[in-house]
Amino acid sequence: MTQASQNAFPLLHVIDSPADLRGLPKQKLQQVSDELRQFLLASVSKSSGHLASGLGTVELTVALHYVYKTPFDHLVWDVGHQAYPHKILTGRRDQLHTIRQKDGLHPFPWREESDYDVISVGHSSTSISAALGLAVAAEKEAQNRKTVAVIGDGAMTAGMAFEAMNHAGDVAPDMLVILNDNDMSISENVGALNSHFARLLSGKIYTSLREGGKQLLSGLPTMRELVSKAEEHVKGMVTPGTIFEELGFNYIGPIDGHDVDALVETLTNMRTLKGPQLLHVVTRKGKGYAPAEKDPIGYHGVPKFDPTTNSLPTKAPSIPSYSAVFGEWLCETAAVDANLMAITPAMREGSGMVAFARQFPKQYFDVAIAEQHAVTFAAGLAIAGQKPVVAIYSSFLQRAYDQLIHDVALQNLDVLFAIDRAGIVGADGPTHQGAFDLTFLRCIPNMVVMTPSNEDECRLMLATGYQYAGPAAVRYPRGNGIGVEYSPLKPLPIGKSRVVRTGSKVAILNFGTLLSEAMIAAESLNATVIDMRFVKPLDTQAVLAAAAEHELLVTLEENAIAGGAGSAVSEALAAANVQMPVLHIGLPDQFIKHGGQDEIRAELGLDAQGITKQIEKQIELQIKARL
């Protein structure tokens, strides 16, 4: 910290670890929380990143690290958007300005980055399962290590969370699940009375009466069951926790998640309780910064901005994003086809579906964070004669792979998958890179897989997939198009490529939006460029013709090379017994780190310069081989 920062944050600047936090008197925790919130706002406004979620978990983070002996005690964050305050308190305060940037702090909790990050995360609803495994191991270890999972109300909508809770209720280890309920505002029944009730339910008197009563009645199964049911229904009348009690958790709450003193007292009590515990904490996204409180969705992930203006930059791009192109096509198609049913697993804004949801509410379904359900729900709609379109991020579709195969493709159902965020996504890093969809889609029978090279091609392929009688997928990247004119909206011939440049000796077979980079490379190499359009069915005729007319084939894709579109080309050549050199350019066999999209593409040799260098190197190797 600079001297100015030290003056602005006098307590925060001396906290280099949670041990330092725990050395402060309890009376100082509110000041720590206030400084932490202001530091977070000041830092993220300069660097960009996730904001509203972290503003809402400041007091909870302070209380958790104050009560629990981290990193010995295990603290598991779900997803991790809300973990910026955690990073600040665990020795990464002075690096926070580098978050989400190339070679900077990871956007989510990451094991390689800190001992305080127990599990690397990024996708939703994994925390309870991981915490259960840690809790079972802690019991075996017998060193009184505690385990806590923090999960948001949105993440709790996923089936995986309930699967884990059902198992935890059966295994019954000592563990705490904190349900961070941040649904815009604190409801009326949360306040002093309910905070007192939570402290009472977690306190020693209630606990000893509860456990003592169970022991006293242990020899009377019928009476014990009666008393247990009575306790459950009494708590169910005044708290919303009956469902968690049914799953085997002792429910406590709701409690004000911005009352740091109440949080510390309740957590201190709960740290000693046995068995699965659930603490319901109500917070407000964007807490402490009025614009983020009013618009927590808009301030979820922010660019660089001036917090004193109380607004985010509103410069509209002159070229629409691929998500916007999809949203426009969706509205255009629904206007003439009432059977279109659009489905998203909680990504309305990200997938460009805001306008569609407003204009066609009866044809729009947000199924919450439930990717598996989204796909099988689409299957049911298709069986009933509707036309489902599943809008889903590439890395999220991974979570519904069995449903894609078993419930859609196996039955050859008419479902269109609009796969957003394919390829390099940038700052969200390894958990969100769309690196594998071409690989895992093209091996599935009955699938049609398309890779548009620009926004107009994207529109045409969406129309193609929608009218195709069977499962189809269009995968497109995060970010804007390149500014091309739109063609009349009509389907493309299935499995047909197009030659966009004629050259000699080298043919670049392009799959997707790297076409513009391929064209620049082709100019310097005088190479042929073929926009393949379809990964499946592959235009085998075009591949064999290119092989006959050139000395080197180059496949180009923003997908893992292993098993990707390039592999399909090599398989086609092998099947035709054609032997010739093929250079595969794509994503290497490694998880791709975070950083700017252009930065990562340049580092991986996927820009024009990198493509040219790789081809020139391959040509040199061929010349040497002939000498």
Side-chain angles (χ1 to χ4, degrees), residues 322 394 417-425 433-444 447-458 460-462 464-465 472-479 481-482 492-501 506-522 527-547 550 552-573 582-588 592 597 601 604-608 610-611 614-615:
Y322 281 92
S394 172
F417 294 90
I419 305 174
D420 203 336
R421 273 45 170 195
I424 301 298
V425 298
Q433 308 286 17
F436 310 113
D437 54 82
L438 294 185
T439 300
F440 69 67
L441 286 171
R442 78 173 192 87
C443 65
I444 303 175
M447 287 293 301
V448 168
V449 183
M450 292 168 274
T451 56
S453 57
N454 58 49
E455 61 269 39
D456 184 45
E457 288 278 301
C458 187
L460 298 177
M461 289 180 182
L462 288 167
T464 303
V474 181
R475 60 104 69 171
Y476 45 90
R478 176 181 180 269
I482 59 175
L492 300 172
I494 298 293
K496 294 298 181 182
S497 62
R498 62 186 182 117
V499 177
V500 293
R501 187 186 191 280
V506 177
I508 302 175
L509 310 184
N510 174 78
F511 296 88
T513 53
L514 292 177
L515 178 63
S516 57
E517 301 297 318
M519 291 296 288
I520 296 172
T528 295
V529 179
I530 303 173
D531 184 13
M532 295 300 295
R533 285 180 162 173
F534 291 82
V535 176
K536 186 173 187 177
L538 185 70
D539 190 345
T540 303
Q541 183 177 356
V543 171
L544 296 178
H550 298 83
L552 172 66
L553 295 187
V554 179
T555 65
L556 180 62
E557 61 191 303
E558 200 166 286
N559 183 84
I561 293 173
S567 294
V569 170
S570 291
E571 291 164 13
L573 293 171
V582 181
L583 171 63
H584 298 306
I585 299 178
L587 302 182
I592 310 302
Q597 287 175 289
R601 289 182 183 124
L604 297 177
L606 294 178
D607 59 354
I611 293 167
Q614 291 186 70
I615 295 174

S.K.: To the nearest 0.5 Å, how far apart are CG in Asp456 and SG in Cys458?
M.R.: 9.5 Å
S.K.: Look at the side chain of Arg442 and the backbone N and O of Ala565, then say whether any donor-acceptor pair between them is shorter than 3.5 Å.
M.R.: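 Such a contact is absent between Arg442 side chain and Ala565 backbone.
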S.K.: Checking side chain to side chain contact (heavy atoms under 4.5 Å, CB included) against Pro452, which of Leu515, Leu460, Val474, Leu462 comes through?
M.R.: Val474
S.K.: Quick one: CG on Leu552 to CD1 on Ile508, what's the gap to the nearest 0.5 Å?
M.R.: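 CD1 of Ile508 is found 9.0 Å from CG of Leu552.
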S.K.: Quick one: do Glu455 and Ile482 satisfy side chain to side chain contact (heavy atoms under 4.5 Å, CB included)? Show the steps, please.
M.R.: CA-CA 7 Å; Glu455 61 269 39; Ile482 59 175; 3.7 Å; yes
S.K.: Donor-acceptor pair, distance only, cut-off 3.5 Å: does the side chain of Asn510 make one with the backbone of Gly512?
M.R.: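 Such a contact is found between Asn510 side chain and Gly512 backbone.
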S.K.: Closest approach of Asp437 and Ser394, non-hydrogen atoms and distance?
M.R.: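 Between these two residues, the closest heavy atoms are OD2-OG, 2.6 Å.
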S.K.: Ignoring hydrogens, what is the shortest heavy-atom contact between Asn559 and Ala435? Give both atom names and the distance.
M.R.: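 Heavy-atom minimum between the residues: OD1-O, 3.0 Å.
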S.K.: Are Val554 and Ile611 packed together at the side-chain level, in the sense that at least one heavy-atom pair is separated by less than 4.5 angstrom?
M.R.: no
S.K.: Quick check: do Glu457 and Asp531 have side-chain heavy atoms less than 4.5 Å from each other?
M.R.: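 Touching, per the 4.5 Å side-chain cut-off.
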S.K.: What is the minimum heavy-atom distance between Thr464 and Leu492, and which atoms define it?
M.R.: OG1-N, 2.8 Å
S.K.: Output the distance between atom OH (Tyr476) and atom CG (Asp420), rounded to the nearest 0.5 Å.
M.R.: 4.5 Å
S.K.: Just wondering, do Leu441 and Phe417 contact through their side chains at under 4.5 Å, heavy atoms?
M.R.: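 Sidechains of Leu441 and Phe417: no contact.
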S.K.: Determine the sole option in Met532, Met450, Arg475 for which the side chain to side chain contact (heavy atoms under 4.5 Å, CB included) test with Phe511 is passed.
M.R.: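 Of Met532, Met450, Arg475, side chain to side chain contact (heavy atoms under 4.5 Å, CB included) with Phe511 is met by Met532 alone.
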S.K.: Please check if any side-chain donor atom of Ser453 sits under 3.5 Å from a side-chain acceptor atom of Arg498, or the reverse.
M.R.: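 Judged by distance alone, the side chains do pair up.
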S.K.: Is a donor on one side and an acceptor on the other found under 3.5 Å between the side chain of Asp539 and the backbone of Ser497?
M.R.: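 Yes, the answer is positive, given that a donor and an acceptor are paired below the 3.5 Å cut-off.
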S.K.: Between the side chain of Thr451 and the main-chain N/O of Arg533, is any donor-acceptor distance below 3.5 Å?
M.R.: yes
S.K.: Enter the distance from Leu553:CG to Ile530:CD1 here, rounded to the nearest 0.5 Å.
M.R.: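 So the gap between those two atoms works out to 8.0 Å.
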S.K.: Looking at Lys536 and Ala568, would you say the former's side chain and the latter's main chain have a donor-acceptor pair under 3.5 Å?
M.R.: no
S.K.: I'd like to know if the side chain of Thr439 and the backbone of Ala562 have a donor-acceptor N/O pair within less than 3.5 Å.
M.R.: yes
S.K.: What are the two closest heavy atoms between Thr555 and His584, and how far apart are they?
M.R.: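 The pair with the smallest heavy-atom distance is OG1-ND1, 2.8 Å.
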S.K.: Whether the side chain of Thr540 engages the backbone of Ala572 through a donor-acceptor N/O pair (distance < 3.5 Å, no angle test) should be reported.
M.R.: no
S.K.: Take Ile424 and Leu587 through the test side chain to side chain contact (heavy atoms under 4.5 Å, CB included) and record every step on the way to the result.
M.R.: CA-CA 9 Å; Ile424 301 298; Leu587 302 182; 3.8 Å; yes
S.K.: Test of understanding: with salt bridge (Lys or Arg N to Asp or Glu O under 4.0 Å), list the residues that count as partners of Arg478, not counting sequence neighbours.
M.R.: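 Partners of Arg478 by the salt bridge (Lys or Arg N to Asp or Glu O under 4.0 Å) criterion come out as none, since no residue qualifies.
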S.K.: Taking all non-hydrogen atoms of both residues, which atom of Ala518 and which atom of Val529 are closest, and how far apart?
M.R.: O-CG2, 4.2 Å
S.K.: Under the salt bridge (Lys or Arg N to Asp or Glu O under 4.0 Å) definition, can you give me all pairs with a residue in residues 552-562, not counting sequence neighbours?
M.R.: Glu558-Arg601
S.K.: Do the non-hydrogen side-chain atoms of Phe534 and Val448 ever get within less than 4.5 Å of each other?
M.R.: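 Phe534 vs Val448: side chains touch.
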S.K.: Answer yes or no: is there a side-chain heavy-atom contact under 4.5 Å between Ile444 and Val449?
M.R.: no
S.K.: Quick one: are Val425 and Ile592 in side-chain contact, heavy atoms under 4.5 Å?
M.R.: no
S.K.: Can you see which heavy atom on Ala560 is nearest to which on Phe436, and at what distance?
M.R.: CB-CD2, 4.1 Å
S.K.: Would you call Leu573 and Leu544 a side-chain contact if the rule is heavy atoms closer than 4.5 Å?
M.R.: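 A side-chain contact under 4.5 Å exists here.
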